[in-house]
Structure formats: C-alpha cells, structure tokens
Amino acid sequence: MGSLETICGIVVVIVAFYYYLISIFDFWKSRGISGPQPVVLFGNVRDVMFGRKAMCDYLMEIYNIYKDKPMIGIFVRRTPVLIVKDPDLIKDILIKDFSNFAERGFTTHEKADPLSQHLVALEQKRWRPLRTKLSPVFTSGKLKEMFPLILECSEHLERYVEELASRNEPIECRDLTARYTTDVIGSCAFGLDTNSLSDVDSEFLQMGREAFTPKWYNLIRLRIKQSTPWLFDILGYILPQTKVTKFFTRIVMENIDYREKNNIVRHDFVDTLRELKSHPHEIDIELTDSLIASQAFIFFLAGFETSSTTMTNALYELAQNHKIQDTLREEINQEYAKNDGVLTYDNIKKMDYLDKVFKETLRKYPPATFLMRQSTSSYTFDSIKINIPKGQPIWIPVYAIQRDPNIYPNPNVFDPERFKEEVTRNAMFYLPFGDGPRKCIGSRFAVYQTKIGLIKILRNYNIEICEKSQIPYTNDPKAFLLTPKGGIYLKIIKINGV
C-alpha cells in the first residue's frame, strides 16, 4: 500500500507540474491573437534556446507566416511575448503612449551582475533621471568637440590597414573594425589610449570580446538570468565577479579618482559620471559605484560592438558591389579635394551617398534585431480592441520589418538608393536605433565613428571578396546582437598611385 501511495503521489506531482507548464498556453488564444502552438518547457523558441537558429531568423519566419496579422503571440518558455508588426501600433508603443511602455523588461542584479544597471536595462524610476543627466554628452556640439579624437584614432586605423594590406592576405574585418572602435570609445569616453590597433593583446579589446563572445559559460549565465532571475541573484553571493565586471569597475573608478586628485577636466563621458558622483543630491536615486560604472560599461560595449559590426557589414556589401563602392569613393575624394585633403566634421555631413550606404547597411543588418518593451500598466490597443496586462513583454521585429519585400522590394539586394530624399515610407519601418524617448542615446556618435572609419579605409583601398568570404551571410545563432557566423574575411588592396 505504501508503494502504491508513493507512486500515486509521484504521478500527481508530475501531472500537476505538467498542468502548471501548459496552463498559460491559452493566453493568446483567449485574447484572439494568432500564433504558433507552443511546446512544453520551450514554448516556441526551442531551436533558439539550443543555438540552432538565430532569434532574428526565427522572428522573420513567424513574421512571414502571419504576414497579414498586426500582432503575433508566442511563448518564450512559459512567458507569453507579443510580437507587434503594425506600424501604427509600434508608434503607440514607442512614442504616442510611451509612458505605458517605458521599460524594456530586462532585470538588473546589483550583486550577481553589477554592470547590468545601465541605461539600456534600467527600470523607469532610475532610467529617466540618468538619461536626462547623460544626454548632454551626446549632443551635436559635444560630438564636434570629440571629432579630433575620433580623427586621431582613424589615422591609426589608416596605418594599421596599410600594414595588413601589405601582407596580401584575407583580413578578418570584424577584428580590424573592433580595434578601431575600441580605440575611439577608449579615447572619447574614458580619456584613455587603449592601443588596440598597435597592441595585439589590448586588454580593452579582450574585455569587449569577452562580454560579447558566445562562450558556453556566458550562455549558461544568460539562460539562468533569463529563466530564473531569483536563482541568478542567489548565485551572486556564491560565484566570483566576472573578469569583465572587475576590469570595467576598476577602470572607471580609478579614472574618476585620478581626475579628482589631479584636477583634470576633459568634458567627456567620465567627467559627466564624475559630476554625478560628486553631486548625488542632484539626482533622486542612489548612486553606487556599480551604477556609475555600468553607464561607462554600456557606452563602451554599445559603441564598440554595434559600430564595428556595422562597419564590417558595409565593407562586406561594398566588396560585392563595386559600382556602389566606386561611387562612394568618388564622393569621398571630391569632399577631400574641396578641403585641400583635410577631413572635417562638416565634410562628412555633406556626403549624401555615404549616408545612404550607412542607412542601407543598417536596414539590412540592424545590430539589435528586435526591440524590447514591457507594459507598465494594463493597456488596450484602441484600433484593434485588444487588452494586455501589466508587465507584458513586447517585441518589435526590426530585422523582419526591414527585410519585408512589401516595404523594401528585393530586400536581400543592397541598394543605397532606397534612401533617396524623395522616397517616403512610414518611420516605423526603419528602426535600427529604435525610436521615442528610449531611442539609442549614442546614435549620433555611432554614425560618425562608423562613417569616419569607412572613409579612411575606402579612400585608399579597394575592398574585394576572397576565397574565405562567406557568401551568403549566415547569422550566428548564439550571438546576442546580429553577428556573422565565422567572421567576415575580405581582401583590402591598396589603390595604385595612392
């Protein structure tokens, strides 16, 4: 009898657990929202969880299957996630009714992951005052002040490219561009010479790669953080801090202390953080060292990874489209000629074709392939009379929208002329930097450092595909941001007579 009771008890527990797992699966059906049938434990993202498919590729599949629907309901494990496609609804979320969607739905962990407390992830209460204080660092006036620093780093890039080109070997372009953007961010944000272009073992570059490289232990940490944040917090009291956390916290705080003691003022990002630390009464939140270091950390990561990837993707497309490459080089040379061979801030603003190439690169390869928002209250989409509860995760599939043939004909073709002035399309169909109050704070900076890097390479070198070039482009399923699997190898050949 005892054994039978034990077996019955186990069966009851299993059935109860199974019911718990599937009890949420009528969430979207009860609201009249279409979506694929989920499976136990994985929801609709099993292939993504096992690293077999990139999330952007999965979302594009779903986007096309339900192409006539304004929104789609999926499940990430047990969590219902709303995919919003309709541009008017997207505008409601990002801009019109922003106060109802002011959070991104990330979790921050002061103990387990101290550098998670940055602008991208912070909840509304801390995000808003910090955004207000940090925004002045990214004005056009500040960017103009930083221009000579970016230009200096780009000259180091020129010398490094010349050295690489002389070897007449395929070049892994993500490594090349990452070294350049690391030096730019190090100089403009931290006031440091990171030496990534001259030092093969640059610690800054190593830490940047460590933060983004999809190694097994990083993936495990991410999965625990996403699925069981409470367990992740507990682990914070057991596991030591990561190398990345220790490095950036030390660099930022030592930099601030050094400037304080030596009365050094650079009017850069670190000085802004230093002002916050010195006058905590001016902002109505607790300013811990980890909170301050987090802001420098995200500025470095966002500027380093997204800009280097965008530069690389532009070079990849230009290598396959020599007519576009030649047209762009001609524009670059014309602007140099107008200013006696000197590149200026205003020169770059006048390069219309460069701007089109940049926009088309981000159209085809947006680093953040989907935008995340979370409802801060119960909300009803008036146009379709659908209600969602407070805390509802919402994803906007940028990658899929920007490759929709009904919006961008022949979306796999690289065509900068899509962005001619006379072409008009809904602003919500182009969102590489997001939109609304939580739009990327550093977009202006990213545009300039990317364009300057491309100018310096293209002016003197032809970019060509080689035997190691991966065609077609394959998205890395394990990477958080859009990343090519296996890297991008190209030939960089010096132009005769230059």
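- The aromatic rings of F300 and F248 sit tilted relative to each other, their planes meeting at an angle between 30° and 60°.
- Looking only at distances, no side-chain donor or acceptor of S307 sits under 3.5 Å from a matching main-chain atom of F304.
- With hydrogens and angles disregarded, a donor-acceptor distance shorter than 3.5 Å links the side chain of S375 to the backbone of Q392.
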Residue pair F445, F138: steps toward the ring pair (Phe, Tyr, Trp, His ring centres under 6.0 Å) verdict: CA-CA 7 Å; F445 183 91; F138 299 97; 7.1 Å; no
Y365/Y399 under ring pair (Phe, Tyr, Trp, His ring centres under 6.0 Å): CA gap, chis, key distance, verdict: CA-CA 7 Å; Y365 306 99; Y399 182 88; 8.1 Å; no
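- Interatomic distance, L301 CG to F480 CZ, rounded to the nearest 0.5 Å: 11.0 Å.
- When all heavy atoms are compared, the tightest approach of L273 to I292 is CD1-O, 3.7 Å.
- Minimum interatomic distance between N44 and P36 (heavy atoms only, all atoms of both residues): ND2-O, 3.3 Å.
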Step-by-step side chain to side chain donor-acceptor pair (under 3.5 Å) determination, N387 to S378: CA-CA 7 Å; N387 179 264; S378 176; 3.2 Å; yes
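- Within a 6.0 Å radius of CG in N410, no more than 12 heavy atoms belonging to other residues, nucleotides or ligands are found.
- Nearest heavy-atom pair, F106 versus A121, reported as atom, atom and distance to 0.1 Å: CB-CB, 3.7 Å.
- For the residue pair T181 and Q449, no side-chain donor N or O sits within less than 3.5 Å of a side-chain acceptor on the partner.
- Nearest heavy atom pair, residue K53 against residue P477, reads C-CB, 3.4 Å.
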Steps toward side chain to side chain donor-acceptor pair (under 3.5 Å) verdict (Y408, D415): CA-CA 10 Å; Y408 296 96; D415 180 13; over 6 Å; no
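- In terms of heavy atoms, Q325 sits closest to L318 at NE2-O, 2.9 Å.
- Here the CG atom belonging to N475 is positioned 5.0 Å from the CG atom belonging to L482, to the nearest 0.5 angstrom.
- Counting heavy atoms from C-beta on, the side chains of R77 and M49 come closer than 4.5 Å.
- In this structure, the side chains of F370 and I83 stay at 4.5 Å or more apart for every pair of heavy atoms.
- Taking the six-membered ring for Trp and the full ring otherwise, Y430 and F419 have centroids separated by under 6.0 Å.
- The shortest distance between side-chain heavy atoms of V413 and R418 falls below 4.5 Å.
- Under the side chain to side chain donor-acceptor pair (under 3.5 Å) criterion, S34 pairs with no residue at all, not counting sequence neighbours.
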Stepwise salt bridge (charged side-chain N to carboxylate O under 4.0 Å, His left out) test for R174 and E305: CA-CA 9 Å; R174 287 190 70 235; E305 179 69 9; 2.9 Å; yes
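- S187 places no side-chain N or O within 3.5 Å of a backbone atom of D183 that could act as its donor or acceptor partner.
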Ring pair (Phe, Tyr, Trp, His ring centres under 6.0 Å) between Y448 and Y345, worked out: CA-CA 9 Å; Y448 263 80; Y345 180 86; 4.8 Å; yes
Check against side chain to side chain donor-acceptor pair (under 3.5 Å), T310 and T450: CA-CA 7 Å; T310 300; T450 302; 5.5 Å; no
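- No side-chain donor-acceptor contact under 3.5 Å links D92 to the backbone of F381.
- Smallest separation of non-hydrogen atoms from I455 and M351: CD1-SD, 3.6 Å.
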Less than 3.5 Å apart, which donor and acceptor atoms pair up between the side chains of residues 64-72 and the rest of the protein, not counting sequence neighbours?
residue: N64; atom: ND2; partner: M60; partner atom: O; Å: 3.1
residue: Y66; atom: OH; partner: G35; partner atom: O; Å: 3.2

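- For the pair L176 and L157, the minimum side-chain heavy-atom distance is below 4.5 Å.
- Salt-bridge check for R52 with D47: passed, with a basic side-chain N closer than 4.0 Å to an acidic carboxylate O.
- Between the side chain of R329 and the backbone N or O of L458 there is at least one donor-acceptor pair closer than 3.5 Å.
- Here the side chains of V45 and F75 are not in contact, with every heavy-atom distance at 4.5 Å or above.
- In this structure, N313 contributes its side chain and T309 its backbone to a donor-acceptor pair below 3.5 Å.
- Put simply, the side chain of T288 reaches to within 4.5 Å of the side chain of E286, judged on heavy atoms.
- Aromatic ring centroids of Y58 and W395 lie 6.0 Å or more apart.
- Ring geometry for Y473 versus Y316: interplanar angle over 60°, hence perpendicular rather than tilted (30 to 60°).
- Ion pairing between a basic and an acidic side chain is recognised when a charged N comes within 4.0 Å of a carboxylate O; K350 and D346 show no such pairing.
- Judged by distance alone, with hydrogens and angles left aside, the side-chain atoms of Q402 form no donor-acceptor pair with the main-chain N or O of K364 at under 3.5 Å.
- Judged by distance alone, the side chain of T483 and the main-chain N or O of A479 form no donor-acceptor pair under 3.5 Å.
- By the side chain to side chain donor-acceptor pair (under 3.5 Å) test, S154 is found to be paired with no residue, residues two or more places apart in sequence or in another chain being considered.
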Test side chain to side chain donor-acceptor pair (under 3.5 Å) applied to H118 and S116, step by step: CA-CA 6 Å; H118 49 69; S116 65; over 6 Å; no
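- No donor-acceptor pair under 3.5 Å is formed between the side chain of E103 and the backbone N or O of Q374.
- Summarising the geometry, atom NE2 belonging to H109 is positioned 13.0 Å from atom OG belonging to S290; distances are rounded to the nearest 0.5 Å.
- Counting only heavy atoms from C-beta outward, the side chains of T245 and T249 approach each other to under 4.5 Å.
- Y379 and F101 have perpendicular rings, their planes meeting at more than 60° on a 0 to 90° scale where under 30° would count as parallel.
- Judged by distance alone, with hydrogens and angles left aside, the side-chain atoms of Q295 form a donor-acceptor pair with the main-chain N or O of L291 at under 3.5 Å.
- The CD1 atom of I150 sits 4.5 Å away from the CD1 atom of I452 when rounded to the nearest 0.5 Å.
- Results of the side chain to side chain contact (heavy atoms under 4.5 Å, CB included) test with L151 over L343, T344, V184 single out L343 as the only residue that passes.
- The NZ atom of K356 sits 7.5 Å away from atom CD of E421, with the distance rounded to the nearest 0.5 Å.
- In this structure, V357 and I324 have side chains that are in contact, with non-hydrogen atoms separated by less than 4.5 Å.
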